Every structure is written in C-alpha cells, then in structure tokens.
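When a ligand or atom number is given, it counts from 1 through the structure's own listing order. The structure presented is a predicted model; accordingly, all values stated were derived computationally and were not measured.
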Amino acid sequence: MKLTRKVKEILSWYESDNPGTKANLARILMTGKLGGTGRMVILPVDQGFEHGPARSFAPNPAAYDPHYHFELAIEAGLNAYAAPLGALEASAASYAGCIPTILKVNHSNSLATLKDQAVTATVADALRLGCSAIGFTIYPSSEYQFEMMEELRELAAEAKAAGLAVVVWSYPRGPMLDKTGETALDIAAYAAHIAALVGAHIIKVKPPTAAISLDAAKKTYASYPVEDDAAARFAHIVKACFNGRRLVVFSGGEAKGADALLNEVRAIHAGGGNGSIVGRNAFQRPKEEALKLLSDIIDIYKSKV
Ligand code: FBP
C-alpha cells in the first residue's frame, strides 16, 4: 500500500512512535472511502455498556448483534470500528482483516453513581483480536480523574510498546461541571489538550458549544475571543491538540436529524477537525438510512474546504 502525502505528513507528527504504531495509524488513515485524506469516520459501539442494551439497540434491533456493526462499518467504507471486549470476541474472527478495530479497554455504566470507569480489557486482548488500537475514556473533572489517567499511562505505555495506537475519549464530567460545562468551549479544549498531553494518538471529544465555563478562563477568553461560529470553535479544539499535530475526531451524540448532524460535520471539516466518531446516529437508524447518512458525512469530508 502506498501512503498518500497527507498520511505521511500525519505520521511524521508522531515523532516517538515505533513502526508498529505508525503502521496501525496508517491502517486506520488509509482504510475506507476517506482513506488517504487525513479525515476519518469511525463507528463506536460501546453504548450498550454505557447506556444499556434497550436504550442503545431497541430503535434498530438488528444492532443487538455485534456482527451487524462490522457489516455496517465495512459497507459504509469507514476507517475503523471501536467496541468493547465481548463484542469483538463475538465477531472479530469473522471479519479479521476487513477493517481496523479499536478495542475499548475501559467502561462505565448507567448503574453507577460514580464518574469512574473499570478497566475491562488488556493490551494482550487487543493484540489477540487483531486490533489496531486501544481506546480509553478519561473523565477530566471527575473525583477519579487522576486514577483514570494513571491507568491510561500504564495501558498506553504497554500498547505503544506493542505497536498499537492509543485513542482517548476525553469526556469532562464531575461535581464542578454542570451539563453546560461538560461541553463548554474552554472545557472541551482543555479536555482535548489533556488527552494530547497524556499521549493520545487520536483524541475524541464532544462538539463544543459557545459557553465558557471555568471562571479562571473567562478573562482569557474575553481577551482572546473565539469567533461565535461552530467552525471557529472546532478550529479552537484543533489548536488545543498541539496546533493540529494530533488527530482529533468529534462524537455524534444522541440520535438527531440528519441535517443537524451534517451541519455539524460541515463545521468540523471547515474547522480542520479530522473527522467524526458516530455511534447512535448510525446504528440506531435502519441500515439503509444509516448507510446514506454515513455516505453524506463522508462526502462532506471529501469536499474541498
Ligand atoms: P455516540 O456517537 O453515540 O455519541 O457515541 C460516541 C460515544 O463516545 C460512545 O463511544 C459512548 O458510548 C457514548 O458516546 C458516551 O456518551 P455519554 O457518556 O455522553 O452518554
């Protein structure tokens, strides 16, 4: 496989990584309809863990089957598919080599009161299942954030030594943040920057709003305002990811109308984000509708900015 100039440039940003990790990043970046562009669309399906099975899959019961998600990601021409251990164990052999996979190695669930995650899989599992990366969630601002970062430090070091890539879901939540604060621009940028600093190759955050939440940051944002425009906010997050030297993708959130999602994707693209990681908006729709939506998302990322 010949890498595009864009992918070679992206790989050059990862100055400390071994050939194994670079090859796995290249696999993710070169796969699917966006292969070679530096843009990505990833299918994450860990919502069964986070939200429960019916809330996740009742709208489209075919999605109870882990094989469904591989089929969807492959047919849609996505870059990668991310899932927890059990789901990959139930399907990875059938699709080995068809699409890069990301093993999500920690999880929370809706039965917990604490903002914490359990480590539920290992780097050895990721290698055994043929994954290109591990995925790990941190909750900056939770009372357990430092333990989570320390768990990530150990797993990331092991994954990198084994030639895997590391994808960090950085979702601020905890007692000092209300719902608005969790996606406020300053907090989202802070969360993305923390993910870059803990050594993520690919950073995943939620789309930021225009709110500024942290009192200590308000003066700075007043002096150096970010334009009140979605693309400018995404560009601000890209800056927080080492001025674009780290790949950053944005989650799709709860199922919503196609137009709202596509407008968000246009803004991510215009702001220089590297793509989308869209779960519920994909697998909760009937397959044909999901394929159409994913194709429209891909077309936006293929278009000239
Ligand atoms: P969605 O596109 O469905 O939002 O998926 C992205 C994701 O990060 C999933 O990986 C995860 O299960 C979910 O969001 C968590 O959402 P939250 O914790 O906000 O309920």
> Side chains of Ile202 and Met40: closer than 4.5 Å at any heavy-atom pair?
Replying inline: yes

>> Taking Glu50 first and then Arg55, would you say they form a salt bridge - that is, a charged N and a carboxylate O separated by under 4.0 Å?
In response: no

> Distance under 6.0 Å and angle within 45° of the ring axis: does Lys115 meet both against Tyr144?
Replying inline: no

> Thinking salt bridges, do Arg153 and Glu150 make one under a 4.0 Å N-O criterion?
Replying inline: no

> Do you know which of Tyr221, Tyr224, Tyr190 makes ring-ring contact (aromatic ring centres under 6.0 Å, His included) with His236?
Replying inline: Tyr221

> What about the rings of His67 and Tyr95, do their centers lie closer together than 6.0 Å?
Replying inline: yes

Find all protein N or O atoms under 3.5 angstrom from an N or O atom of ligand 1 and list the pairs with distances, or write 'none'.
| from | atom 1 | to | atom 2 | distance (Å) |
| --- | --- | --- | --- | --- |
| ligand 1 | 2 (O) | Gly252 | N | 3.4 |
| ligand 1 | 2 (O) | Gly253 | N | 3.4 |
| ligand 1 | 2 (O) | Gly279 | N | 2.8 |
| ligand 1 | 3 (O) | Gln47 | NE2 | 2.9 |
| ligand 1 | 3 (O) | Arg280 | N | 2.8 |
| ligand 1 | 3 (O) | Arg280 | NE | 2.7 |
| ligand 1 | 4 (O) | Gly253 | N | 3.0 |
| ligand 1 | 4 (O) | Arg280 | NH2 | 2.8 |
| ligand 1 | 5 (O) | Gln47 | NE2 | 3.0 |
| ligand 1 | 8 (O) | Trp169 | NE1 | 3.3 |
| ligand 1 | 8 (O) | Tyr171 | OH | 2.3 |
| ligand 1 | 8 (O) | Lys204 | NZ | 2.3 |
| ligand 1 | 10 (O) | Asp46 | OD1 | 2.6 |
| ligand 1 | 10 (O) | Asp46 | OD2 | 3.4 |
| ligand 1 | 10 (O) | Trp169 | NE1 | 2.9 |
| ligand 1 | 10 (O) | Lys204 | NZ | 3.2 |
| ligand 1 | 12 (O) | Asp46 | OD1 | 2.6 |
| ligand 1 | 18 (O) | Arg173 | NH1 | 3.0 |
| ligand 1 | 18 (O) | Arg173 | NH2 | 3.2 |
| ligand 1 | 19 (O) | Arg173 | NH2 | 3.2 |
| ligand 1 | 19 (O) | Lys206 | NZ | 2.3 |
| ligand 1 | 20 (O) | His51 | NE2 | 2.5 |

